[in-house]
*Asks:* 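Please read through the structure below; I'll follow up with questions.
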Amino acid sequence: RNIFKGKGKKIFEEIEKVLIEADLGAKTVIELLEEIKKENQVFKSYAELKSILKDKLKNILNGAEANFDLNEKSIVLIYGVNGVGKTTTIAKLAKYLSDAGKVVALVAGDTYRAAAKEQLDVWAKRLNVKIYMQQHGADPGAVIFDGITAFKNNKKLDILIIDTGGRLHTNENLIKQFQKIVNVIKKVWGKMPNESLMILDGTTGQNALSQVDIFSKVIKPTGFIMTKLDGTARGGILIQLYEKHRIPIKFLGTGEKFTDLEQFRIEPFIDRIF
Amino acid sequence: GLKDKVNGILDKLKGKHLTKDYVENVLREVRLALLEADVHYKVAGKFIESVKTNIIGSKILESLTPYQQIIDLVYKEFVLLMGEEAILLEPPKDTLHIWEIVGLQGSGKTTQSAKLAKFYKDKGYKVLLASLDVYRPAAIEQLRILANNNELDFFEDKEKKPVKLAKKARQYSEKNSYDLLILDTAGRLHIDKEMMKEVENVKAAVKANEIILVVDSMVGQDAANIAKEFNEKLNITGSILTKFDSDTRGGAALSVKYISQAPILFIGIGEKIKDIEVFYPDRMAQRILN
Ligand SMILES: Nc1nc2c(ncn2[C@@H]2O[C@H](COP(=O)(O)OP(=O)(O)OP(=O)(O)O)[C@@H](O)[C@H]2O)c(=O)[nH]1
Ligand SMILES: Nc1nc2c(ncn2[C@@H]2O[C@H](COP(=O)(O)OP(=O)(O)OP(=O)(O)O)[C@@H](O)[C@H]2O)c(=O)[nH]1
Ligand SMILES: [Mg+2]
Ligand SMILES: [Mg+2]
């Protein structure tokens with residue numbers, strides 16, 4: 001009995017549509033469905049095929065959950081392409097850490113975009129955390145150097161979160177600037193940031209792969225945060241990303257308030273894909 | 001890219017008798033390339049169906065150069081879908097025109113609003129910029145700075161309600177004989193009922209002439225959902241695809257055009273005030289298909 005003709009074919013097509021629309025990527029979806037065919041898995045309904053696929057995806061994402069524990073004086077570097085939610089996510093992380101009893105400070109490392117430091121400053125005031133910033137147009141490396149130096153000398157502060165300007169991975173000058181920022185941090189902190197979190201927009205399609213490839217050449221992320229999953233996008237690109245890079249996903253952004261941050265959990269994430 | 005893939009398939013077909021099966025195989029590869037370029041599943045399907053219909057109608061199977069003809073048909077269908085020529089909005093200069101700029105969070109609305117103002121000021125229009133984003137920290141400040149840095153007029157008012165603020169901007173524009181009022185709005189989710197109602201109310205309150213949807217060109221399948229909801233609620237009259245200076249294939253552009261039917265007016269190609277270009281459909285065809 002060939003399940004891949006007739007009703008079986010319909011079910012395959014239906015689930016192919018669901019997974020592609022979740023941004024898993026067409027090639028990835030086709031490979032997954034080919035695997036199921038090769039494995040001769042038996043399914044009598046859409047629900048059964050869905051359950052087989054959920055298990056496959058859970059297997060792929062095995063290990064993708066990770067904690068965000070900063071138990072020593074730490075620096076957190078935040079970066080990513082333009083408009084993904086870096087500055088807002090920093091506010092959320094500051095809230096998360098403050099609630100956990102940490103004393104947080106921020107560095108306004110985006111010295112280029114209009115009102116970037118003003119935007120972070122509003123969040124700093126709302127959260128009652130210290131913020132290091134300088135005049136518009138200052139060298140970001142210098143601002144970050146000064147921020148880290150002050151942070152090191154301030155015994156009261158536990159965590160320093162560094163905001164950087166949005167930059168496209170295709171902009172060579174901005175990637176070079178980012179490399180300089182990382183070098184400055186290594187120099188003044190004596191090591192890599194304790195956490196280097198690349199922020200990904202949940203609505204991004206296959207371009208996320210190129211973003212991660214290029215940014216990873218400068219610094220390997222310790223984790224991802226995927227934002228804007230309170231919309232209709234399902235963030236399926238994380239599956240290809242995890243398969244390729246094995247970088248954990250620490251949090252998901254689910255809104256514009258500083259409380260809209262959730263820990264990444266594999267099961268609910270996969271459930272949402274379907 | 002797609003061009004190489006299809007040429008690869010067609011090379012395998014050289015010398016073979018071109019059957020319906022072979023055409024199906026070629027189109028399957030084209031569809032896959034569209035999906036990999038982030039074109040929405042349904043849009044890619046519809047596109048392939050149209051090409052298939054045209055292939056059947058065009059007796060391509062009997063031609064001497066079927067391969068090239070299939071490529072040509074795909075390309076033609078593409079340009080048809082994207083809009084056949086560049087559309088430059090050029091409202092008459094003697095009456096006030098109001099453009100409402102809408103879209104998802106972070107798509108580039110504020111930056112594009114400033115770019116549009118500069119673009120049209122350079123064309124001799126008297127342009128006023130106004131921000132209705134009373135939510136995002138320092139959003140109004142962001143547009144104010146962009147305006148001041150580029151000698152663009154910026155509307156200032158203490159009003160905190162977006163609809164009232166829009167009305168006041170309109171009144172001010174009329175009183176001061178502006179040709180063009182550009183209203184930057186806050187980023188919002190297409191599924192946020194209240195926020196969608198807000199931009200509908202703004203549109204009605206000022207009788208906006210254009211509703212321009214700003215979409216990040218790196219967006220994946222969600223572009224279709226975004227375009228559908230914004231179009232149903234607001235009747236989009238044009239769109240701008242931003243961050244086209246990235247290496248995204250930009251399939252979102254095809255989805256937005258197909259679903260909204262509104263012309264893609266401009267593309268954003270950088271963060272600077274000059275980084276805006278009129279959209280040329282045939283250039284986009286090459287980008288998505290290549
Ligand atoms: N709905 C939703 N909106 C978000 C989320 N995270 C951020 N945003 C919104 O996305 C927009 C951009 O956020 P920013 O924090 O300015 O993004 P950014 O990466 O710092 O931007 P640049 O510095 O300009 O590159 C703002 O309107 C935020 O409120 C999220 O999880 N959900
Ligand atoms: N490289 C590039 N960056 C862009 C382009 N358009 C906007 N940006 C950047 O994208 C980020 C977001 O732009 P904004 O104009 O703040 O986006 P927005 O839609 O107004 O954001 P919200 O008001 O929070 O919804 C900023 O860092 C901009 O400089 C573009 O065409 N290319
Ligand atoms: Mg920012
Ligand atoms: Mg804005």
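Model, not experiment: these values are computed from the prediction. In the text below, chain A, chain B and the rest are named by the order of the sequence lines, each starting its count at 1.
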*Asks:* Would you mind checking which part of B/Asp245 comes under 4.5 Å of any heavy atom in chain A, side chain (CB onward), backbone (N, CA, C, O), both or neither?
*Replies:*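 B/Asp245 touches chain A through backbone and side-chain heavy atoms alike.
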*Asks:* Please identify each residue that fulfils side chain to side chain contact (heavy atoms under 4.5 Å, CB included) with B/Asp192, with sequence neighbours left out.
*Replies:*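 Expected list: B/Leu189, B/Glu194, B/Met195.
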*Asks:* Check whether any side-chain heavy atom of B/Gln142 sits under 4.5 Å from a side-chain heavy atom of A/Gln119, and report yes or no.
*Replies:*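 SC-SC contact between B/Gln142 and A/Gln119 ruled out.
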*Asks:* So if I take each residue of residues 76-85 of chain A and look for any heavy atom under 4.5 Å from a heavy atom in chain B, which residues do I end up with?
*Replies:*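 Expected list: A/Val81, A/Asn82, A/Gly83.
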*Asks:* Going by heavy atoms in the side chains, are A/Arg126 and B/Pro137 under 4.5 Å from each other?
*Replies:*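 They are in side-chain contact.
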*Asks:* Going by atom types only, do A/Glu16 and B/Tyr41 share a side-chain donor-acceptor pair under 3.5 Å?
*Replies:*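 Checked: A/Glu16/B/Tyr41 side chains pair up, N/O donor to acceptor below 3.5 Å.
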*Asks:* Sort A/Ile237 into side chain, backbone, both or neither according to what part of it lies under 4.5 angstrom from a heavy atom of chain B.
*Replies:*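 Neither the backbone nor the side chain of A/Ile237 comes within 4.5 Å of chain B.
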*Asks:* Which pair of heavy atoms, one from A/Gly166 and one from B/Glu271, lies closest together, and at what distance?
*Replies:*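 Heavy-atom minimum between the residues: O-OE2, 3.9 Å.
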*Asks:* Can you give me the closest heavy-atom contact between B/Ala138 and A/Ala115, atom names plus distance?
*Replies:*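 Answer, listing the atom of B/Ala138 first, then A/Ala115: O-CB, 3.7 Å.
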*Asks:* Could I get the full list of side-chain hydrogen bond (donor to acceptor under 3.5 Å, both in side chains) partners for A/Asn128, not counting sequence neighbours?
*Replies:*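 Counting only residues at least two positions away or on another chain, A/Asn128 forms no side-chain hydrogen bond (donor to acceptor under 3.5 Å, both in side chains).
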*Asks:* So how far is it from A/Ser210 OG to B/Arg249 CZ, rounded to the nearest 0.5 Å?
*Replies:*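 The CZ atom of B/Arg249 is 12.0 Å from OG of A/Ser210, to the nearest 0.5 Å.
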*Asks:* Taking side chain as everything from C-beta outward and backbone as N, CA, C, O, which of these in A/Asp121 sits under 4.5 Å from a heavy atom of chain B? Side chain, backbone, both or neither.
*Replies:*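 Neither part.
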*Asks:* What part of B/Leu104 is in contact with chain A, defined as an atom under 4.5 angstrom from a non-hydrogen atom: side chain, backbone, both or neither?
*Replies:*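 Only the side chain of B/Leu104 comes within 4.5 Å of chain A.
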*Asks:* I'd like to know whether NZ of A/Lys125 has more than 12 heavy-atom contacts from other residues, nucleotides or ligands below 6.0 angstrom.
*Replies:*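 Correct, the count exceeds 12.
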*Asks:* Specify which of A/Gln211, A/His169, A/His136 makes the most heavy-atom pairs with chain B at under 4.5 Å.
*Replies:*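 That would be A/His169.
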*Asks:* Between B/Glu141 and A/Arg113, is the closest basic N to carboxylate O distance under 4.0 Å?
*Replies:*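 So A/Arg113 does not pair with B/Glu141 through a salt bridge.
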*Asks:* For the residue pair A/Asn207 and B/Asp38, what are the closest heavy atoms and their distance?
*Replies:*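 Here A/Asn207 and B/Asp38 meet closest at N-OD2, 4.1 Å.
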*Asks:* Give a yes or no on this: more than 12 heavy atoms of other residues, nucleotides or ligands lie within 6.0 Å of atom NZ of A/Lys56.
*Replies:*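 Yes, enclosed.
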*Asks:* Check this for me: B/Lys228, atom NZ, are more than 12 non-hydrogen atoms of other residues, nucleotides or ligands nearer than 6.0 Å?
*Replies:*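 Atom NZ in B/Lys228 is not packed in, count stays at 12 or less.
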*Asks:* Working to the nearest 0.5 angstrom, can you tell me the gap between A/Leu168 CG and B/Phe244 CZ?
*Replies:*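 These two atoms lie 12.0 Å from each other.
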*Asks:* Output yes when a side-chain donor or acceptor of B/Asn225 lies under 3.5 Å from a complementary backbone atom of A/Thr232, and no otherwise.
*Replies:*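 No: the side chain of B/Asn225 does not pair with the backbone of A/Thr232.
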*Asks:* For the residue pair B/Asp222 / A/Thr203, report whether a side-chain donor-acceptor contact shorter than 3.5 Å exists.
*Replies:*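 Their side chains do not contain a donor-acceptor pair, so the 3.5 Å distance test is not met.
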*Asks:* How long is the gap from CD on A/Gln206 to CD on B/Glu36, to the nearest 0.5 Å?
*Replies:*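 Going from CD on A/Gln206 over to CD on B/Glu36, the span is 5.5 Å.
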*Asks:* Measuring heavy-atom distances to chain B, does A/Lys17 have an atom under 4.5 Å in its side chain, in its backbone, in both, or in neither?
*Replies:*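 Interface part for A/Lys17: both.
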*Asks:* With chain A as the partner, which of B/Arg144, B/Glu229, B/Lys243 has the greatest number of non-hydrogen pairs under 4.5 Å?
*Replies:*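 Most heavy-atom pairs under 4.5 Å with chain A: B/Lys243.
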*Asks:* Please rank A/Ile20, A/Ile214, A/Asp230 by heavy-atom pairs under 4.5 Å with chain B and give me the top one.
*Replies:*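 Option with the greatest count: A/Ile20.
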*Asks:* Is there a side chain to side chain contact (heavy atoms under 4.5 Å, CB included) between A/Thr204 and B/Asp216? Walk through the geometry before answering.
*Replies:* CA-CA 9 Å; A/Thr204 305; B/Asp216 182 331; 5.9 Å; no
*Asks:* Please determine, among B/Ile145, B/Val219, B/Leu35, the option with the most heavy-atom pairs under 4.5 Å with chain A.
*Replies:*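 Greatest number of close heavy-atom pairs with chain A: B/Val219.
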*Asks:* So which part of A/Leu174 gets closer than 4.5 Å to some heavy atom of chain B, the side chain, the backbone, both or neither?
*Replies:*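 Just its side chain gets close to chain B.
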*Asks:* With a 6.0 Å cut-off (strictly less than), is the heavy-atom count around NZ of B/Lys118, excluding the residue itself, greater than 12?
*Replies:*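 Open.
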*Asks:* Can you name the residues that form a ring pair (Phe, Tyr, Trp, His ring centres under 6.0 Å) with A/Tyr96, not counting sequence neighbours?
*Replies:*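 With sequence neighbours excluded, A/Tyr96 shows a ring pair (Phe, Tyr, Trp, His ring centres under 6.0 Å) to A/Phe251, given in chain and number order.
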*Asks:* Counting only heavy atoms not in B/Glu151, do more than 12 sit closer than 6.0 Å to its CD atom?
*Replies:*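 Not more than 12 within 6.0 Å, no.
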*Asks:* Which atom pair, heavy atoms only, marks the closest approach of B/Ser246 to A/Thr170?
*Replies:*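 For B/Ser246 and A/Thr170, the tightest heavy-atom pair comes out as CA-OG1, 3.4 Å.
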